[in-house]
Amino acid sequence: MLLTKEQQEAVAFLRQAEINTDNGMPEELFLLVSSLVPLPNVDLLLVNKRKQLLLSRRNDPFYQKSWHIPGGCMRFHEDFSHRIQETAKAELGHTVTFDKTPLAVRNVIRKCNGGLAHPRERGHNVAILFRCYLPDDYQIDNGGKNENDNGYLKWFSHLPEDFLEIQHVFDDILEQWK
């Protein structure tokens, strides 16, 4: 596939900009990349002593008003361990221990959303599910968020009706919460 002159110029411009993505990338660039190639992400399966599943509220342009398994996209040159801990700190406010072998690796394709400026954005991930463990005394701190706010955490005995549709790729693993 050949690039147009304008596309070649855009690629040359981005290369010359020497954007360092070690700690993530600007949102606009991330969304562009996500519309071109699948993004690897880690998902953190967390279960407490009462056999409840920890889920996080999604309420953003990509996944409105649904619950999901906490997770985060990999960064350039990042290993699984680092991404798991960074995701845990960002989403749970705490580090975790985890099993080194993933529970599952799944191809996750989101239906293109016509409501987005660029419907292919965030459209394809390779989800890598890890079993993670919080300390027994872990307490959720939602920092004043209400249950409809993005990032609100809650323990569930059963999958909620508004569980994020694309995460049903893990239904075989989530069977006990159905």
Side-chain angles (χ1 to χ4, degrees), residues 1-46 55-96 98-132 143 145 148-153 163-170 173:
M1 176 176 169
L2 297 176
L3 296 176
T4 66
K5 181 180 177 189
E6 292 82 9
Q7 290 168 330
Q8 290 173 1
E9 290 171 357
V11 169
F13 176 81
L14 287 172
R15 284 191 174 138
Q16 289 172 353
E18 296 183 15
I19 300 168
N20 182 339
T21 60
D22 290 348
N23 294 313
M25 65 178 79
E27 183 76 5
E28 296 84 2
L29 186 56
F30 170 76
L31 292 174
L32 171 66
V33 170
S34 77
S35 69
L36 300 172
V37 296
L39 296 176
N41 70 279
V42 299
D43 289 321
L44 315 181
L45 184 72
L46 296 139
L55 299 177
S56 178
R57 174 63 87 184
R58 283 298 294 261
N59 195 0
D60 59 38
F62 301 98
Y63 306 105
Q64 294 183 344
K65 294 182 183 173
S66 57
W67 292 96
H68 76 107
I69 298 168
C73 292
M74 303 272 308
R75 308 309 198 255
F76 188 71
H77 281 165
E78 185 174 56
D79 64 22
F80 291 131
S81 178
H82 188 261
R83 176 52 23 213
I84 289 168
Q85 295 303 349
E86 291 300 307
T87 297
K89 287 187 274 187
E91 296 212 14
L92 313 173
H94 207 286
T95 58
V96 295
F98 61 95
D99 296 339
K100 302 289 184 201
T101 303
L103 287 171
V105 178
R106 304 289 160 81
N107 194 33
V108 179
I109 299 175
R110 178 180 54 81
K111 294 175 185 164
C112 291
N113 183 344
L116 299 173
H118 302 284
R120 291 173 51 113
E121 291 174 350
R122 305 288 314 262
H124 188 175
N125 289 77
V126 176
I128 307 151
L129 182 66
F130 286 89
R131 175 70 167 96
C132 299
K145 294 178 183 175
N148 290 317
D149 290 339
N150 198 44
Y152 185 91
L153 297 169
F163 182 64
L164 185 60
E165 181 181 335
I166 63 168
Q167 288 200 317
H168 282 286
V169 297
F170 296 128
I173 293 165

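FYI, the numbering just counts along the sequence from 1.
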Option passing side-chain contact (heavy atoms from CB on, under 4.5 Å) with C132 (candidates I84, T95, L45):
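The side-chain contact (heavy atoms from CB on, under 4.5 Å) with C132 is passed solely by I84 among I84, T95, L45.
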Between I69, L44, N41, which is the residue that forms a side-chain contact (heavy atoms from CB on, under 4.5 Å) with L129?
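Among the candidates, only I69 passes.
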Could you report the tightest heavy-atom contact between [X] and [Y], atom names first, then the distance?
X: G71; Y: T87; answer: C-CG2, 3.5 Å
X: K100; Y: F130; answer: O-CE2, 3.5 Å
X: S56; Y: G151; answer: OG-CA, 3.6 Å

Please answer whether the main-chain N or O of H82 pairs with a side-chain N or O of D79 as donor and acceptor at a distance below 3.5 Å.
yes
Donor-acceptor under 3.5 Å (N150 side chain, N59 main chain):
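Yes; at least one donor-acceptor contact below 3.5 Å.
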Intermediate values then yes/no, side chain to side chain contact (heavy atoms under 4.5 Å, CB included), D43 and Q167:
CA-CA 10 Å; D43 289 321; Q167 288 200 317; 3.7 Å; yes
Indicate the ring-plane relationship of Y152 and W67, choosing parallel, tilted or perpendicular according to the 30° and 60° boundaries.
perpendicular
Going from CZ on F98 to CG on L103, what distance comes out if it is rounded to the nearest 0.5 angstrom?
12.5 Å
Around Q8, counting heavy atoms of other residues, nucleotides and ligands shown, do more than 12 lie under 6.0 Å from its CD?
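Yes, the 6.0 Å shell around CD holds more than 12 heavy atoms from other groups.
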Side chains of N107 and H124: closer than 4.5 Å at any heavy-atom pair?
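Yes; the side chains approach each other to less than 4.5 Å.
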Closer than 4.0 angstrom, basic N to acidic O: yes or no for E86 and R83?
no
Determine, step by step, whether R106 and N125 satisfy the side chain to side chain contact (heavy atoms under 4.5 Å, CB included) criterion, reporting the C-alpha distance in whole Å, the side-chain angles of both residues, the deciding distance to 0.1 Å, and the verdict.
CA-CA 8 Å; R106 304 289 160 81; N125 289 77; over 6 Å; no
Please lay out, stage by stage, how R57 and D149 fare under the test side chain to side chain contact (heavy atoms under 4.5 Å, CB included).
CA-CA 7 Å; R57 174 63 87 184; D149 290 339; 6.0 Å; no
Run the numbers on E78 and F76 for side chain to side chain contact (heavy atoms under 4.5 Å, CB included), then give the verdict.
CA-CA 5 Å; E78 185 174 56; F76 188 71; over 6 Å; no
